[in-house]
Structure formats: C-alpha cells, structure tokens
Engineer: 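Before I ask anything, let me first share the structure, which is written out below as structure tokens.
Here the structure is a predicted model, which is why all the values come from computation and not from measurement.
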Amino acid sequence: MLKFGELCVNLQPKLDKTILMKQIKAIIMLLAAMLIMASCTSSSNSETTLYGEAAITAFSVSKAIKYTTTESSDGTITTTKSTYTATSYKFVIDQLKHEIYNPDSLPAGTDPSRMLCSISSFHNSIVLLKDKTEADTYYYYSSTDSIDFSTPRTFRVISSDGEGITDYTVKVNVHGEEADKFVWSNEYYVDYFAEMKGLKAFYQGGKFYIFGNHEGKTNVVMTPDGTKFDIDISKKTFGADAWKNTVLIGGEFYVFDDNNLYKSSDAVTWEPINFTSPKTIKRLIGASTFELYALSTDNKLLVSEGRFLDDGTYEDPGTSWTVENYDETSVPLPTEDIAMVCYPVYMADNSEQVLLAGNTEISYGDHNYAFIWRKIIDFDIDLSWSQWTYMDRGDATLYNLPRVKDLNLLYYGNSILAFYGKTDNDISSQPFTVMLQSRDNGITWKTNTSYTMPATDHEPTSVSGVVDDKNNIWLFYAGGEGNVIKGYLPRVVWENK
C-alpha cells in the first residue's frame, strides 16, 4: 500500500497556496478511500476516523550547532564548532495565540539558522513550513531537514479530514551573551576619582555614594545613575582616612572619625552619636542587617545592635557596644586589609551569614594566606547567641584566599567574589586584575576563566565595588583614570528578571 508520506514527496518542493490546499485535500480523500478499501478486505472490524482539529501538540529543537570562541594566554583566538541536543529546553505552546517559544533561551553561540526540530501534531495532522520570502509558498515539514530559525517562522497545520487549518508562529530564542561570563563596559572617566588616594562605594536608595580621600580629607560623591556626579555633598569635613571607617546599615551611613561616631541618612548632614563601649574603638569594619561591627585598640571585635528599650524607644546601632562572642582560639582576628560581606544563608529562612577576611599586623608563623572568620545569625533567636568562628582549613594549602592588599568582597550570583590589589608574596602582581570565587561560603577560593576583572589603561590605587538593584556590579576606581565600570553576569541578570 502506498504510504501517505510517499504521496507527499511526489509533490513539487514548493507549491502555490491554492494548488497546495486542493492537492492536500485530494491526497487526504485518496488516503481515506484506500484505508476504507483496505478495511473492507480485512477480517478486522476496525474503522478509520478522520479529525477536523489542526494543532501542534509538542515542539522541541532536537539538534543545534554551537560555536565557542576562546582566547589563550598569548591572545590567540580559537573558534570551535559542536552539535548538541537541545530537547531539554522546553517550548511553550500557546494554543490561543498560536505561538510557540522557549522561555529559557538556548546558549550563546548557538546558530539559529541551522536547526533540526521535532513536531507532534493532533491525530497526525499535516505540518507544513512557510517559506521565508515567498508569501504563499509552503514546504512539507521533515524532522531531518535543517530549518532557519534566525527569524520567527510560520508552520501551517492541516487536519486529517482536510478541513481544519491552523497557523503557528514559532520563535526560537538564543542568548546573545554567554550565561556565565562577565560582561564589562567602561562607563565614565571621573577626574575627581582619579585624584583620590582611596575610596569606598555604597548603593543606597537607588543612588551611589562614594567616600574617598581627596586632597587630604574624606569627601563624598553622589551619583543617581552613574551619569551625573555631585561632588563634595557632605556638609561635614572628615579626616583623610575616615572613608575606611564608613559603614552602611539600615539605610544610615556611619562614619568613625577622630574617636567620634556620626550618622546620616543622606551623607549630607550628619549628627553625632553619644556611645558607650567597654573598649576603645579603633575603627569600624562592617555591618550585618542589624549589627554594627568595630575593632578595639587591642584588636578585639566589638558589636552594637539597634534595639528597642524597655520604655519603647529605639536605640540606634552604634550607641551601646559590647565585646563580640567568638571562639576561644589562638588564631588572631584580621586587623588590616579587612573586608566584610553579609548575605542570606542558602536554604535557611530568616538567617544570614557574615564573612570577615583580612590580614594581621604581626607575623603568625608561616601563615601566608588571609584569616577568615564567619558568623551565622538566626533572627528567630536572640542575636547575642551567635558567635564568630575561625574557618580553619588545617593543613590544606590549595585554594586559600591569599594575603592581599585592598581586599574587596561581594556577594553575587549565590557566591562570594574577591578582588584585590597586590599580593604580599608577589609584589610584581598587577592590582585589581584577578577575581576569585568562593561557592562554599569562603572555605575555598578559585579562579574562573570567565570571572575576570575589566582591563584599565592605568594602574589604580584602590577599587570599591557595589551591586545595584538590577544585579549590575559597579566598580569605582581611585587613581589611574578614575574609571567607573559597570558589569554583570548574564546568568544572574536572567535569573532575577
């Protein structure tokens, strides 16, 4: 018996719309007659049923081509070609709008012009592909023929009785960027930043605030979106190193300068805080959601929590200080080149983790890597129960965070990123060119060929990074050319849209 597919291949590859419909209907009627004749000569009582519904019930890309470009250490660029099965990328079929698309785009580098697709139709309806340029020309769809999806394509479905017709628009989405490779763009050169000796950036209320040493005093620069910079917005003058002792907590900026503590909600007007502390404060080092942290002159960790008093009034962080809880150990707390980062605990509600890293002022044996301490805070219990723990890796030497200058820590994409100036044991290293990633809460730190710092023409003196509410990383550079660079990891932006 002549198969239906064999009848179809006798058609010309391209058919006029009107002629096509007549021929398709004639083929269907012929097929029906052949099936009826076959059923009459058969001992079986089975009947052939024709259906009027024309619909695509499943769609997938079965095979795609991907081009990958890599650059070696000597600058040689190599492009490799590979094929992969893309059936894991699910396609949505909107039967009301007659649209088919993949919400999760195919990987960057995928060639949309050469794809094989698999289509299932309702009760074996006929599936045709409309020509890209000739309006009324259609091809018979085949799962073994390559299709160009660089633009949306129209598929026509004809029911088994030849009466039902449905057109679908199919769009295959392909990422224009690699999911896990940083994209950097140099936004601006700010002369004021180029003149700074050091700086520290914050993101608060949709604005960027940059505290830095300019001409021997700490000044504040504010920019709403990185396009316009308001210089010296602070009405109070702070000392040259006060920018190092600036912390943001609960929407308030805190500055410790000349043994005095100040706070401000806009970094313009400041009010002093009268505080009590069992030890003399040397410097502020960071904050969690509700706690402010400082180091004492004898290198003890101090904490101050915002809280409601018995009379119902609220006491600001920084007002009352206590000595923080931490493990009884001979390992010292970091006291210089300190960085701190706070982030939610993965898979744990109402909890966060604070990571403290840095170096010590004195030699500690052959300890040639950074000291890292952490604290896990559970908001369902009294905060005073939490304590700091030294992250001891024993004799492990691989993937330690090295001793570095001007350390920065950022929580980004469910991991911690570290970038820094020169390392202690390699003074020839170029500052702020290496980025390390920790995916295990600061235990190990590894390089990633896709996680690189942006290149600058001139060497900066310091860099500070912040993450905005659109998951972009902004890097502000002191010295050099005063670069302001924005970057992002496409995967993180896609996941948070």
Side-chain angles (χ1 to χ4, degrees), residues 5 17 20-21 24 51-68 82-181 183 413-414 469-472 488-497:
K17 179 181 178 182
L20 173 66
M21 297 308 302
I24 291 295
Y51 296 89
E53 293 85 355
I56 291 177
T57 56
F59 182 96
S60 65
V61 173
S62 53
K63 185 172 289 187
I65 296 174
K66 185 175 184 291
Y67 294 93
T68 303
S82 61
T83 60
Y84 70 98
T85 301
T87 51
S88 61
Y89 292 84
K90 304 302 181 184
F91 279 76
V92 172
I93 302 178
D94 190 328
Q95 298 292 4
L96 295 178
K97 295 181 179 180
H98 299 152
E99 295 176 348
I100 301 174
Y101 59 93
N102 53 318
D104 186 8
S105 299
L106 300 182
T110 299
D111 184 359
S113 67
R114 301 170 62 190
M115 292 181 173
L116 299 182
C117 66
S118 176
I119 300 176
S120 299
S121 60
F122 183 76
H123 287 293
N124 296 317
S125 304
I126 298 171
V127 181
L128 307 172
L129 172 63
K130 186 177 181 179
D131 189 87
K132 290 186 67 175
T133 57
E134 299 181 29
D136 295 325
T137 302
Y138 290 78
Y139 300 91
Y140 176 69
Y141 153 76
S142 172
S143 61
T144 59
D145 289 341
S146 178
I147 298 177
D148 183 359
F149 284 105
S150 56
T151 58
R153 301 300 302 272
T154 299
F155 285 82
R156 171 160 289 183
V157 186
I158 303 174
S159 62
S160 59
D161 66 359
E163 298 296 331
I165 299 175
T166 304
D167 285 348
Y168 288 85
T169 299
V170 178
K171 182 179 181 182
V172 178
N173 296 310
V174 178
H175 282 305
E177 301 165 323
E178 292 186 40
D180 223 33
K181 185 175 183 178
V183 179
N414 296 322
D469 55 8
K470 295 181 176 59
N471 293 292
N472 297 305
Y488 61 93
L489 207 57
R491 168 180 56 81
V492 176
V493 174
W494 301 337
E495 290 173 353
N496 291 277
K497 278 189 175 180

Engineer: Within the side chain of T166, is there an N or O that forms a donor-acceptor pair under 3.5 Å with the backbone of A55?
Structural biologist: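 Between the backbone of A55 and the side chain of T166 there is no qualifying donor-acceptor contact (under 3.5 Å).
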Engineer: Shortest non-hydrogen contact from A179 to L489?
Structural biologist: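 Shortest heavy-atom contact: O-CG, 4.1 Å.
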Engineer: Quick one: OG1 on T169 to NZ on K130, what's the gap to the nearest 0.5 Å?
Structural biologist: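 Between atom OG1 of T169 and atom NZ of K130 there are 9.0 Å.
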Engineer: Looking only at heavy atoms, what is the nearest atom pair of R153 and I147, with distance?
Structural biologist: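 Closest approach of R153 to I147: NH1-CG2, 3.9 Å.
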Engineer: Under 4.5 Å between any side-chain heavy atoms of K181 and V183, yes or no?
Structural biologist: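 They are not in contact (no side-chain heavy atoms under 4.5 Å apart), so the answer is no.
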Engineer: Under a 4.5 Å cut-off applied to non-hydrogen side-chain atoms, are Y140 and D145 in contact?
Structural biologist: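 They are not in side-chain contact.
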Engineer: Judged by atom type as modelled, is there a donor-acceptor pair below 3.5 Å linking the side chain of Y488 to the main-chain atoms of V493?
Structural biologist: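 Such a contact is absent between Y488 side chain and V493 backbone.
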Engineer: Does Y89 have any ring-ring contact (aromatic ring centres under 6.0 Å, His included) partners at least two apart in sequence or in another chain, and if so, which?
Structural biologist: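 Counting only residues at least two positions away or on another chain, Y89 forms no ring-ring contact (aromatic ring centres under 6.0 Å, His included).
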Engineer: Would you say T85's side chain and T87's backbone share a donor-acceptor pair under 3.5 angstrom?
Structural biologist: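 Answer holds: no.
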Engineer: Would K90 and D104 satisfy side-chain contact (heavy atoms from CB on, under 4.5 Å), going step by step from the backbone distance to the final call?
Structural biologist: CA-CA 7 Å; K90 304 302 181 184; D104 186 8; over 6 Å; no
Engineer: Give me the atom names and distance for the closest heavy-atom approach of Y84 to P107.
Structural biologist: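 What the structure gives for the nearest pair is OH-CD, 3.2 Å.
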Engineer: Between S160 (side chain) and Y51 (backbone), is there a donor-acceptor pair under 3.5 Å?
Structural biologist: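 Looks like yes, one N/O pair under 3.5 Å.
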Engineer: Could you measure the distance from the CD1 atom of I65 to the OG1 atom of T110? Nearest 0.5 Å is fine.
Structural biologist: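 Spacing of CD1 (I65) from OG1 (T110) equals 10.0 Å.
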Engineer: Any non-hydrogen side-chain atom of D131 less than 4.5 Å from a side-chain atom of Y138?
Structural biologist: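 Sidechains of Y138 and D131: no contact.
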Engineer: Testing T137, T154, D148 one by one against K132 for a side-chain hydrogen bond (donor to acceptor under 3.5 Å, both in side chains), which residue passes?
Structural biologist: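 Of the listed options, the one satisfying the test is D148.
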Engineer: Check whether any side-chain heavy atom of D161 sits under 4.5 Å from a side-chain heavy atom of E53, and report yes or no.
Structural biologist: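 No - every pair of side-chain heavy atoms lies 4.5 Å or more apart.
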Engineer: For the atom pair CD (E163) and CD1 (I158), what is the distance rounded to the nearest 0.5 Å?
Structural biologist: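 Separation between the atoms: 11.0 Å.
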Engineer: Show me the donor-acceptor pairs, under 3.5 Å and distance only, between side chains in residues 114-123 and residues at least two apart or in other chains.
Structural biologist:
unit_1	atom_1	unit_2	atom_2	d
S121	OG	S125	N	3.0
S121	OG	S125	O	2.8

Engineer: With a 3.5 Å distance limit and no angle check, can you tell me whether E177 reaches the backbone of R491 through a side-chain donor-acceptor pair?
Structural biologist: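 Not confirmed, E177 side chain does not pair with R491 backbone.
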Engineer: To the nearest 0.5 Å, tell me how far L128 CG sits from Y141 OH.
Structural biologist: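 Here the interatomic distance stands at 12.0 Å.
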Engineer: Got a second to check how far I100's CD1 is from K171's NZ, nearest 0.5 Å?
Structural biologist: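 Output value for this atom pair is 14.0 Å.
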Engineer: What's the shortest heavy-atom distance between D94 and L96, and which atoms?
Structural biologist: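 Smallest interatomic distance, heavy atoms only, reads OD1-N, 3.0 Å.
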Engineer: To the nearest 0.5 Å, how far apart are CD1 in I56 and CD in Q95?
Structural biologist: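 Nearest 0.5 Å value for the CD1-CD distance: 8.0 Å.
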Engineer: Who are the ring-ring contact (aromatic ring centres under 6.0 Å, His included) partners of F59, not counting sequence neighbours?
Structural biologist: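 In terms of ring-ring contact (aromatic ring centres under 6.0 Å, His included), with neighbours along the sequence ignored, F59 is linked to F91.
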Engineer: When you compare the side chains of T68 and K66, does any donor N or O come within less than 3.5 Å of an acceptor on the partner?
Structural biologist: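 Yes, because at least one side-chain N or O of T68 sits under 3.5 Å from a partner of the opposite role on K66.
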Engineer: Could you report the tightest heavy-atom contact between S146 and S113, atom names first, then the distance?
Structural biologist: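 Minimum heavy-atom separation between S146 and S113: OG-O, 4.2 Å.
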Engineer: Measure across A54 and S159 and return the closest heavy-atom pair with its distance rounded to 0.1 Å.
Structural biologist: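 It is CB-N, 3.6 Å.
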